[in-house]
Amino acid sequence: MSTATDAPGGAPLLELRGIGKDFGSVIALEGISTAVRAGQVTCVLGDNGAGKSTLIKVLSGVHRPTRGELLLDGEPVDFGAPRDALDAGIATVYQDLAMIPLMSIWRNFFLGSEPTTGWGPFRRFDRATAKEVTRRELAAMGIDIRDPDQPVGTLSGGERQSVAIARAVHFGARVLILDEPTSALGVKQAAVVLRYIAQARDQGLGVVFITHNPHHAHPVGDRFLLLNRGRSMGDFAKGEVTREQLTEMMAGGDELTRLAEELGRPGGA
Amino acid sequence: MSTATDAPGGAPLLELRGIGKDFGSVIALEGISTAVRAGQVTCVLGDNGAGKSTLIKVLSGVHRPTRGELLLDGEPVDFGAPRDALDAGIATVYQDLAMIPLMSIWRNFFLGSEPTTGWGPFRRFDRATAKEVTRRELAAMGIDIRDPDQPVGTLSGGERQSVAIARAVHFGARVLILDEPTSALGVKQAAVVLRYIAQARDQGLGVVFITHNPHHAHPVGDRFLLLNRGRSMGDFAKGEVTREQLTEMMAGGDELTRLAEELGRPGGA
Amino acid sequence: STENSGGGDEGGDGGGTAASGDLDFAVVTHGAAGDAFWDVVQNGAEAAGEDLGVGVDYQSDGDPQRQSQLIEAAVNQDVDGIVVSMANPDALEDSISAATEAGIPVVTINSGAERSAEFGAIGHVGQDETIAGIGAGQRLAQDGATNVLCVVHEAGNIGLEQRCDGASQGLGSDVQLLQVDINDLQAAQSTITSQLQSNPSIDAVLTLNSAVASVAASAAADAGSDAAIATFDLNADVISAIQDGTISFAVDQQQYEQGYLPIVMLKLYAENLNTVGGGQAVLTGPGIVDAENVDEIADLASAGTR
Amino acid sequence: MSTTREAPVDGPARADERVARVGPWRRLMVKPELGSLIGAVVILGFFSAQSDVFRSLAGVANWLDVASVLGIMAVAVALLMIGGHFDLSAGVMTGTTALTVGIVAVELQQNIWVAIAAALVLALGIGAFNGWLVTRTGLPSFIITLGTFLMLQGLNLGLTKLFTGTVIVRGIADAPGYHSAELVLASTIDVFGQPFRVAVLWWLLVTAVASWVLLRTRFGNWVFATGGDEVASRNVGVPAQRTTIVLFMTTATAAWLVGSITAVRLTSVQANTGTGQELIYIVAAVIGGCLLTGGFGSAIGAALGALIFGMTQQGIVYLNWDADWFYFFLGAMLLLAVLTNRLVRRYAEAARR
Amino acid sequence: MSTTREAPVDGPARADERVARVGPWRRLMVKPELGSLIGAVVILGFFSAQSDVFRSLAGVANWLDVASVLGIMAVAVALLMIGGHFDLSAGVMTGTTALTVGIVAVELQQNIWVAIAAALVLALGIGAFNGWLVTRTGLPSFIITLGTFLMLQGLNLGLTKLFTGTVIVRGIADAPGYHSAELVLASTIDVFGQPFRVAVLWWLLVTAVASWVLLRTRFGNWVFATGGDEVASRNVGVPAQRTTIVLFMTTATAAWLVGSITAVRLTSVQANTGTGQELIYIVAAVIGGCLLTGGFGSAIGAALGALIFGMTQQGIVYLNWDADWFYFFLGAMLLLAVLTNRLVRRYAEAARR
Ligand SMILES: Nc1ncnc2c1ncn2[C@@H]1O[C@H](COP(=O)(O)OP(=O)(O)OP(=O)(O)O)[C@@H](O)[C@H]1O
Ligand SMILES: Nc1ncnc2c1ncn2[C@@H]1O[C@H](COP(=O)(O)OP(=O)(O)OP(=O)(O)O)[C@@H](O)[C@H]1O
Ligand SMILES: [Mg+2]
Ligand SMILES: [Mg+2]
């Protein structure tokens with residue numbers, strides 16, 4: 001498995017060439033090139049507002065890039081809508097989670113990919129299956145929901161995030177994109193997510209993973225794409241960087257240690 | 001300064017006695033008692049859905065507790081609305097941030113506490129001051145906004161969180177409540193927030209801090225309130241626990257280390 | 001289709017000199033768009049325009065303020081004459097005097113006869129709604145009705161109110177009012193049915209619109225009531241209902257004349273300074289259409305002229 | 001990726017100490033439909049207690065008739081509102097379709113079924129146009145459909161006058177095929193000797209189908225999602241634009257059904273038919289629990305909202321209250337209905353959120 | 001806690017490589033008001049090109065008159081919509097206040113200023129009632145104000161008939177103090193020899209004050225916040241309920257102003273005055289860029305929306321287009337205005353989001 005660390009891991013599933021994105025006068029991305037390979041985890045790192053979410057929205061068909069090219073299996077593609085990306089097997093956990101607060105958990109889980117039963121005019125949403133799968137997938141993440149009929153809007157922040165992750169993992173066929181999936185999660189749930197990422201990678205999926213936590217990024221990442229103010233600061237293979245360097249690159253990652261000292265308290269990172 | 005670690009730190013600013021909160025059939029909190037003291041940081045820890053956000057919403061006047069008593073400076077109080085809590089000097093960063101997406105950054109910053117200028121019928125919102133203060137406070141957090149007139153809805157997740165934190169810090173007079181303030185923040189910004197917390201504590205404010213990150217909780221926390229499924233699992237002073245115990249209490253905090261081993265990769269927490 | 005005086009054509013100022021080919025008249029009424037009664041008025045005015053070779057521009061709005069603004073627009077356009085219906089004379093006073101001050105002759109139609117001369121109109125063609133109502137009330141009394149239901153199809157409309165008031169006067173006792181919505185005739189039918197069901201002593205229903213009359217007849221049948229149905233205004237359905245006896249009579253204002261005659265009057269005034277009526281209103285009704293005379297006008301109503 | 005992962009072994013029915021016990025009665029109370037059912041029951045009780053005609057079979061047939069035509073539209077409008085949009089042209093479209101049936105059958109002398117089919121095609125076209133314009137421009141549907149509302153109002157009058165010379169199309173009863181059309185759309189059915197309008201059946205059918213689609217099909221899921229958060233639902237792959245267009249076409253289809261019923265039943269159609277009714281449809285849907293902001297509501301609720309409106313409208317007449325005060329009473333009863341609904345739910349709210 | 005922290009030394013005017021250069025013209029374009037200004041200019045150009053009366057001073061005075069009364073209400077309704085609510089009773093309230101002025105002045109024989117004051121008190125009461133009910137019950141304002149709308153409609157008719165025996169109040173011109181009231185509310189002002197209605201001044205004043213309040217005061221900030229996200233704004237201490245109630249009272253005050261102008265100008269008032277106008281106010285506000293979901297919009301935009309509506313309404317008359325097709329043209333012109341607005345903004349959108 002460790003062969004994947006340095007080797008390119010085959011032809012890229014997804015490739016970006018000189019991608020740029022403007023929002024009116026705001027230049028959010030400029031000249032980003034990288035590749036997502038099967039069986040590899042690409043970590044996108046960067047400060048707040050660096051353009052990480054914008055980048056993954058380009059990958060998942062939410063935004064059309066203003067400049068540059070997107071290649072799927074080596075062929076140029078133009079995702080007109082997220083549906084196109086989903087149909088290409090790309091599933092995404094958005095930072096804002098893309099959930100409908102007033103709808104129940106199981107309806108949100110299968111939204112856009114509802115299982116059906118019956119035929120002809122009597123084809124209907126298979127509710128029993130949907131509820132059952134929802135409960136099972138969430139339980140696997142260590143989230144024990146009271147009632148799959150509860151509206152998502154009344155879930156806690158972490159519960160909601162777990163639902164979004166479980167959904168993406170369930171539907172991700174070739175590429176799994178996760179935008180700060182662990183931000184609101186407890187330590188236990190975060191570990192489960194990291195394990196999911198590793199599982200997905202082992203099954204040959206390409207994973208794009210955004211996080212601010214070097215402790216999360218380093219164990220699972222194979223490549224690290226560093227963004228700063230909308231531009232790429234480099235694209236490193238795992239072997240090329242240590243966790244310390246990584247933390248350093250993530251804008252003064254040792255601050256915590258220094259902080260702990262500065263505060264004159266025992267402990268620290 | 002380290003005297004605050006074990007000593008009670010004077011009479012509690014805020015005290016909770018047997019607080020419980022139901023949402024219809026959902027029992028979100030049950031029998032919580034704790035105290036927030038001046039010059040102390042109380043960390044509330046717990047799994048996703050444990051009831052942490054609900055607890056701080058009781059403290060900040062969003063929810064009226066179903067059971068139990070809330071005391072401010074030893075006197076029972078009944079916060080009918082968040083305004084009452086704000087007027088008592090309690091400022092809160094909500095997990096959902098409580099920002100108006102369509103409004104500009106500076107309008108959001110001063111929302112509800114607008115500075116005014118002029119007199120009589122010509123008393124008006126002091127826009128120049130508002131913009132200036134907003135820019136200054138955000139810059140102090142290391143967030144360099146392009147334009148304070150940008151609608152908050154177009155900010156990145158971390159930028160938005162920074163605005164909410166800067167606002168609470170600016171207006172918090174006696175108690176500062178932060179619900180997962182660092183979840184979407186970069187390492188640098190998170191460190192700034194931790195330093196804010198320490199500063200606030202040193203200035204004699206009571207701080208309530210919710211986080212899932214033991215690396216964040218341990219350096220600044222003085223007391224640790226542990227919640228599980230809506231109930232208190234104990235209330236520990238800093239001296240009573242080491243970081244390892246804390247991480248353990250936070251539901252298998254060593255998972256990361258184990259995970260790293262399990263994945264057969266170098267690195268880990 | 002008559003003469004062509006072909007003479008000088010220096011704008012319509014003051015009237016009297018313009019050539020007929022260049023005459024433009026404005027008709028501004030308070031009828032709602034699509035109202036069956038006012039549609040016949042419009043048809044009359046437009047037919048007169050065609051017959052006499054003059055331009056006729058018909059506008060209407062039920063809101064008095066809007067109506068006055070439409071009159072002002074006509075004044076601004078410097079038309080050669082204005083025809084105005086005066087349901088609410090006070091509200092139109094300013095704009096009508098603006099017209100007369102600008103030297104534009106005004107003919108008032110329908111209601112408002114008593115204020116017409118005061119406002120400087122050169123004549124009035126119409127039938128006061130109250131008098132029409134009295135006529136209907138008297139006829140109902142004649143037929144032996146004692147407990148009459150008056151169906152108002154637009155709440156607060158002054159013209160409709162006057163018709164019901166007049167009916168009370170003619171009948172000699174108060175009529176009972178019922179509100180329905182002209183734009184939802186199915187519901188109107190149900191509402192009339194329920195009124196007849198809950199109040200079986202009603203022995204006559206007076207509707208103020210021909211379309212409401214048709215559903216009132218069906219409603220009476222639904223409710224099993226043998227109340228007589230009478231109505232204001234005609235249309236082809238009402239005429240065939242009179243023929244087969246389901247509606248006993250209709251009050252006909254011959255409102256076609258209220259559209260046609262003022263155009264004739266304005267043309268005569270413009271070319272010959274003639275006035276009509278000698279300061280008195282020219283009355284167009286009320287005529288009563290019942291089984292006796294219905295056959296003669298049967299074909300005319302479907303053409304939109306009765 | 002659906003590998004087997006270690007699922008904790010606890011069945012769905014396991015008791016949870018974080019959930020308080022709630023009686024079945026209270027559980028029922030919080031369903032949106034049951035809220036408006038309470039309102040309906042209150043109104044029914046109020047008028048029945050005071051008027052024996054109101055509660056007689058003939059009375060019931062009468063107010064059910066009013067509720068049914070309104071209800072067909074209210075249910076369709078409710079679907080659209082759940083999907084996050086308004087259709088101000090819904091009212092006038094009932095007139096457009098009714099006039100089309102009349103003009104094609106009478107003036108163009110076609111079989112009435114041909115006329116009805118033509119009206120359907122027209123309605124679907126207008127609905128698709130509305131939906132296309134809304135999704136294409138991203139402008140609020142309120143303003144787009146206001147534009148089509150005004151344009152249709154003008155067309156109704158202008159074309160009717162063009163074809164007939166008057167503001168009314170009449171003589172539909174003489175069109176070929178009229179009797180079969182009457183049977184389907186405007187006949188009555190005897191129940192205990194009292195004729196009920198067949199429109200009541202249509203109303204029940206429409207409500208049942210709409211409710212089934214909304215709660216049991218993929219499309220229904222998309223409707224809730226599109227109305228709840230259009231961006232989020234597009235992000236997870238819901239065809240939001242298609243859903244919106246179909247919803248507008250659904251309202252148009254309901255308008256066609258109501259218009260056809262009107263034309264066949266009254267046999268003559270006025271050019272201003274339906275104008276101003278759009279607000280009443282929205283009101284019925286809102287009484288029935290639909291959120292104006294979209295994403296929440298129910299078809300059965302909207303049907304009950306129409307029932308409340310119909311009962312109130314007729315009940316006031318049955319009580320012989322002074323007609324001058326009709327609208328006053330109508331407003332007061334509506335407020336009464338929604339406030340009761342609200343009160344009951346407040347009490348029962350203890351059962352959720 | 002505002003301690004000095006180490007702020008990076010960069011002035012606000014520093015160039016940022018993450019911001020592309022945008023011309024001032026494009027920057028202007030994206031302001032919501034300027035969007036509707038484009039619509040207004042297109043409509044103005046369209047009609048002016050075809051009718052010289054329309055562009056004459058007399059014509060301008062005429063359509064400004066139409067726009068002004070509508071505009072006063074549209075601006076107030078826009079504030080309310082930005083605050084997240086609707087007031088369906090706004091239209092009929094202009095009738096209620098006008099009738100109150102008439103009844104108090106004529107039937108109760110008071111000085112007209114007393115009558116106008118009485119109408120103000122009544123209007124404020126109704127507005128406060130609307131706001132109180134909405135904030136108290138949490139029900140949608142759409143349904144609450146529909147209730148008051150219907151009730152007021154009934155009251156207007158019932159009370160007018162009670163006092164006058166008919167559906168019209170006449171003789172306001174004979175009330176004591178009428179002339180001073182006429183001067184303030186219904187006089188004309190000569191500009192280049194063309195009398196303009198004083199209502200135009202009121203309209204400008206209301207727009208200016210509303211715009212100032214909205215953009216420059218605390219209250220304005222609260223309005224945006226309450227409409228944008230009520231829960232969030234309450235959480236940061238905005239008095240959302242008070243804001244809502246004040247907004248409803250503002251619409252009521254505007255209705256009182258319009259009602260008083262109507263009563264004094266027409267000197268007689270019909271019981272159905274104002275009914276049905278509420279939708280037009282909302283439309284003007286939406287054309288002017290207000291979101292129906294609240295939290296976004298502008299007072300100047302609403303005033304321009306009213307202008308578009310007024311110009312279109314009168315412009316069609318000036319072009320002598322067939323009255324039967326009036327609504328068709330009105331709808332088409334409105335769509336034209338909003339679509340142009342949209343197109344221009346699409347082009348300019350490159351300048352933001
Ligand atoms: N729709 C938009 N309109 C204008 N600016 C935008 C828009 N979306 C994003 N931006 C800007 O683009 C920049 C990049 O945003 P993005 O959300 O990609 O950052 P990020 O790297 O995900 O940050 P974070 O770690 O805080 O989530 C930000 O400065 C943001 O203000
Ligand atoms: N308004 C509500 N209605 C019903 N249930 C609610 C409501 N608010 C919260 N809950 C439930 O109460 C429980 C506690 O929620 P809370 O938001 O306090 O959790 P938390 O500890 O903050 O979790 P996280 O770490 O994920 O933010 C959750 O299970 C949630 O589903
Ligand atoms: Mg992001
Ligand atoms: Mg929380």
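Hydrogens, waters and symmetry mates are skipped; everything else that's a heavy atom, side chains included, is used. Here is how names work: the chains are called A, B, and so on, in the same order as the sequence lines, proteins then strands, and each is numbered from 1.
- With a 6.0 Å radius and a threshold of 12 heavy atoms from other residues, nucleotides or ligands, E:Trp202 has its CH2 atom at or below the threshold.
- Of the atoms belonging to C:Glu72, heavy atoms from both backbone and side chain fall under 4.5 Å from chain E.
- The most heavy-atom pairs under 4.5 Å with chain E, out of C:Asn76, C:Asp165, C:Asp39, C:Leu160, come from C:Asn76.
- Of the residues considered (E:Val66, E:Leu157, E:Ile168, E:Thr267), E:Val66 shows the highest number of contacts with chain C, using heavy-atom pairs under 4.5 Å.
- How far CG of E:Asp322 is from CD of C:Gln42: 7.0 Å, rounded to the nearest 0.5 Å.
- Using a 4.5 Å cut-off between heavy atoms, E:Thr160 does not touch chain C at all.
- Taking each heavy atom of E:Ala323 and C:Tyr58 in turn, the nearest pair found is CB-O, 2.9 Å.
- At a heavy-atom cut-off of under 4.5 Å, chain E is reached by C:Asn88, C:Pro89, C:Asp90, C:Ala91, C:Asp94 from residues 87-98 of chain C, listed in order of number.
- In this structure the side chain of C:Asn157 never reaches within 4.5 angstrom of the side chain of E:Val167, judged on heavy atoms.
- Proximity to chain C (any heavy atom under 4.5 Å) is restricted, for E:Trp321, to the backbone atoms N, CA, C and O.
- Chain C forms the most heavy-atom pairs under 4.5 Å with one residue out of E:Gln313, E:Gln314, E:Gln277, and that residue is E:Gln313.
- Looking at E:Val53, the atoms closer than 4.5 Å to chain C (heavy atoms on both sides) all sit in the side chain, from C-beta outward.
- Neither the backbone nor the side chain of C:Ile71 comes within less than 4.5 Å of any heavy atom in chain E.
- Ranked by heavy-atom pairs shorter than 4.5 Å toward chain E, the options C:Gln179, C:Arg66, C:Gln59 are led by C:Arg66.
- With a 6.0 Å radius and a threshold of 12 heavy atoms from other residues, nucleotides or ligands, E:Gln109 has its CD atom at or below the threshold.
- Here C:Gln67 contributes atom CD and E:Leu266 contributes atom CG; the two are 10.5 Å apart, rounded to the nearest 0.5 Å.
- We find the CD-CG distance between C:Gln69 and E:Asp65 to be 4.5 Å, quoted to the nearest 0.5 Å.
- Listed here is the closest heavy atom pair of C:Leu70 and E:Val317: CD2-CG2, 3.5 Å.
- In this structure, no portion of E:Phe54 lies under 4.5 Å from any heavy atom of chain C.
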